[in-house]
Protein chains: 2
Amino acid sequence: MIQKRQLKVRDRQITSRRLISAVGSILAKKGFKGVGVNAVAREAGVDKVLIYRYFNGLEGLVTAFGKEGDFWPSSLELAGGDLYKFSQTPLEERLSVFAANFIRSLQKRPMTQAIMAWEIIETNELTDELERVREESIMEFFQMFFINDKTKIDLQAIIMLMGAAVSYLILRSRNIELYGGIDIRSEQGWNRLQEGIDQIVKGVLKSV
Amino acid sequence: MIQKRQLKVRDRQITSRRLISAVGSILAKKGFKGVGVNAVAREAGVDKVLIYRYFNGLEGLVTAFGKEGDFWPSSLELAGGDLYKFSQTPLEERLSVFAANFIRSLQKRPMTQAIMAWEIIETNELTDELERVREESIMEFFQMFFINDKTKIDLQAIIMLMGAAVSYLILRSRNIELYGGIDIRSEQGWNRLQEGIDQIVKGVLKSV
DNA sequence: TTCGTATATCACCAATCGGTGACATATTTC
DNA sequence: GAAATATGTCACCGATTGGTGATATACGAA
């Protein structure tokens with residue numbers, strides 16, 4: 001007896017998950033410009049109408065994707081794996097290690113980079129979510145480890161400047177090799193930047 | 001005698017200029033995503049086929065636009081209008097003034113901001129051009145005013161970090177209000193950042 | 001087994017995209 | 001003047017976009 005082989009199990013959960021993870025794949029592969037109903041459905045191997053049925057459209061799907069993700073490094077990761085040990089290291093070294101961890105945590109997250117690039121262009125539920133998480137996380141981390149009573153320097157502003165600089169250079173390294181004469185695609189270039197940050201930290205802390 | 005009124009003078013130069021400036025308008029108004037053959041032609045009040053005839057397509061038009069523009073601040077502007085006076089001010093103040101001028105020069109150039117945002121996403125003739133001009137200009141400026149013989153600090157890396165930070169925060173301010181607890185849309189927020197930069201400069205120069 | 005419902009497929013829509021060929025009219029050249 | 005050419009208009013193309021209604025089929029409950 002010939003039985004028509006069933007190619008796909010019908011399961012809303014599985015299909016939904018497929019769609020959600022397809023968003024991630026495309027984001028990492030093609031960037032945010034690739035994220036469209038047709039492309040996502042194709043990537044998921046699913047009909048696009050299901051995006052509307054299950055998520056009320058692409059916006060809803062992207063939102064669902066945003067809620068799944070661990071896009072932003074945790075405090076633990078930024079501290080280097082040991083919060084207590086981190087809290088006990090001298091401020092200067094703490095800042096240096098933090099910068100190093102921040103750089104690496106972004107470098108190894110192409111999906112996060114893609115969302116950060118998206119943020120530059122427009123806002124949506126996903127970028128808002130990353131925004132929210134980052135702002136919350138960075139402020140928590142700051143208050144945990146970098147509160148300074150000395151009023152002579154604005155450590156918060158300085159740290160955020162460093163964070164902004166690193167974010168920019170990470171994003172630019174996706175498209176260019178040289179920024180201000182520094183090779184932002186090579187290990188050496190980033191070592192140089194890291195040392196620059198260390199010099200800033202050292203200099204600034206002398207003023208405290 | 002009834003004479004059919006001539007609505008448009010036929011002049012390739014004028015039409016070409018219209019198309020080129022339409023690119024700028026759209027870029028400032030809608031961002032790079034708005035730059036397409038149809039939209040540009042509509043904005044210019046001209047048939048899109050002329051984009052192909054006169055510029056061999058949109059890419060060519062965008063390239064032509066890139067060659068027209070003064071997108072990047074000149075050395076004179078970054079120095080504050082007087083190169084000699086600038087060269088005579090103490091290094092610490094020179095760096096501080098440079099940062100302030102850099103910030104303002106970007107803040108008042110929405111078109112440049114739009115291209116910088118474009119650079120984050122993809123490369124084309126226009127972004128390549130801005131890239132080239134900036135790299136050249138910034139290196140020239142650096143070698144003119146900030147060459148440091150003292151080997152203890154890497155002034156180049158530090159300046160580029162500051163430039164990257166400012167670029168990032170300018171771009172982010174188009175979409176968000178708060179970055180790391182700092183209001184990047186208000187005068188006060190930028191004053192705070194400027195002071196942070198000043199503290200960095202002061203601290204770093206002490207190490208020289 | 002039967003039947004209702006959840007799930008998925010498919011065909012199709014209007015709008016927009018980049019791109020082009022045929023034609024009309026203004027301008028220049030002879 | 002007429003002819004040649006430069007310039008501009010218009011209608012249309014195929015591909016792709018986001019979005020939907022009708023229909024087929026698998027699954028769970030009876």
Side-chain angles (χ1 to χ4, degrees), chain A residues 1-23 25-27 29-65 118 121-126, chain B residues 1-23 25-27 29-65 118 121-126:
Chain A
M1 183 228 287
I2 300 181
Q3 185 177 350
K4 196 169 173 188
R5 192 158 57 98
Q6 181 176 343
L7 292 177
K8 282 179 188 173
V9 183
R10 297 197 165 184
D11 186 321
R12 178 172 181 157
Q13 277 196 23
I14 292 179
T15 303
S16 297
R17 259 183 272 132
R18 270 199 191 171
L19 280 169
I20 288 176
S21 75
V23 171
S25 309
I26 291 190
L27 213 42
K29 229 182 292 174
K30 310 269 181 185
F32 76 89
K33 278 181 20 174
V35 180
V37 265
N38 296 295
V40 169
R42 202 180 312 124
E43 172 79 20
V46 154
D47 196 283
K48 63 179 171 178
V49 79
L50 301 181
I51 294 176
Y52 297 94
R53 279 229 257 281
Y54 296 159
F55 299 97
N56 288 314
L58 187 62
E59 188 72 23
L61 173 57
V62 167
T63 303
F65 171 74
W118 204 345
I121 305 306
E122 61 188 15
T123 65
N124 56 46
E125 301 269 355
L126 176 56
Chain B
M1 184 225 289
I2 300 180
Q3 183 177 352
K4 196 170 175 188
R5 193 157 56 96
Q6 182 177 343
L7 292 177
K8 283 179 187 174
V9 182
R10 295 196 167 186
D11 186 321
R12 178 173 180 156
Q13 277 196 25
I14 291 179
T15 303
S16 297
R17 259 184 272 132
R18 272 198 190 170
L19 280 169
I20 288 176
S21 75
V23 172
S25 308
I26 291 189
L27 212 43
K29 229 182 293 175
K30 311 267 181 188
F32 75 89
K33 279 181 20 174
V35 180
V37 261
N38 296 296
V40 170
R42 204 179 311 125
E43 172 80 19
V46 154
D47 196 283
K48 63 178 171 179
V49 79
L50 302 180
I51 294 177
Y52 297 94
R53 279 229 261 278
Y54 296 158
F55 299 97
N56 288 314
L58 187 63
E59 188 73 22
L61 173 56
V62 167
T63 304
F65 171 75
W118 204 346
I121 305 306
E122 62 188 13
T123 66
N124 56 46
E125 301 270 354
L126 176 55

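These values consider heavy atoms only, across backbone and side chains, with no hydrogens, waters or symmetry-generated copies. Residue numbering restarts at 1 for every chain, and letters A, B, ... go by the order of the sequence lines.
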Any Lys/Arg nitrogen of A/R18 or A/E43 sitting under 4.0 Å from an Asp/Glu carboxylate oxygen of the other? no
B/V49 vs A/K48, nearer the 5' end of DNA chain D by closest nucleotide: B/V49
Between B/D47 and A/V35, whichever has its closest DNA chain D nucleotide further toward 5' is B/D47
Could you tell me the separation between the [atom1] atom of [X] and the [atom2] atom of [N], rounded to a whole number of Å?
X: A/R53; N: C/dC10; atom1: CZ; atom2: P; value: 13 Å
X: A/L50; N: D/dA26; atom1: CG; atom2: P; value: 16 Å
X: B/I14; N: C/dA26; atom1: CD1; atom2: P; value: 16 Å
X: B/N124; N: C/dG18; atom1: CG; atom2: P; value: 14 Å
X: A/N38; N: D/dT20; atom1: CG; atom2: P; value: 13 Å
X: A/R18; N: C/dT7; atom1: CZ; atom2: P; value: 15 Å
X: B/F55; N: C/dG19; atom1: CZ; atom2: P; value: 15 Å
X: A/D11; N: C/dT9; atom1: CG; atom2: P; value: 13 Å

Calculate, to the nearest 0.5 Å, the distance between atoms [atom1] and [atom2] belonging to [X] and [Y] respectively.
X: B/L27; Y: B/F65; atom1: CG; atom2: CZ; value: 5.5 Å
X: B/Y52; Y: B/D47; atom1: OH; atom2: CG; value: 10.5 Å
X: A/E59; Y: A/L126; atom1: CD; atom2: CG; value: 9.0 Å

Assign each of A/Q13 and B/A39 the nucleotide of DNA chain C bearing its closest heavy atom; nearer the 5' end lies the nucleotide of A/Q13
[X] side chain near [N] phosphate (N/O to OP1/OP2, under 4.0 Å):
X: B/Y54; N: D/dG8; value: yes
X: A/T15; N: C/dA8; value: yes
X: B/R12; N: D/dT7; value: yes

Of the options A/V37, A/V62, A/N56, which is the one that meets A/I51 in a side-chain contact (heavy atoms from CB on, under 4.5 Å)? A/V37
Can you tell which of D/dG8, C/dA8, C/dT27 lies closest to the side chain of B/V9? C/dT27
For the base of D/dT25, is there a side-chain donor-acceptor partner from A/R10 under 3.5 Å away? yes
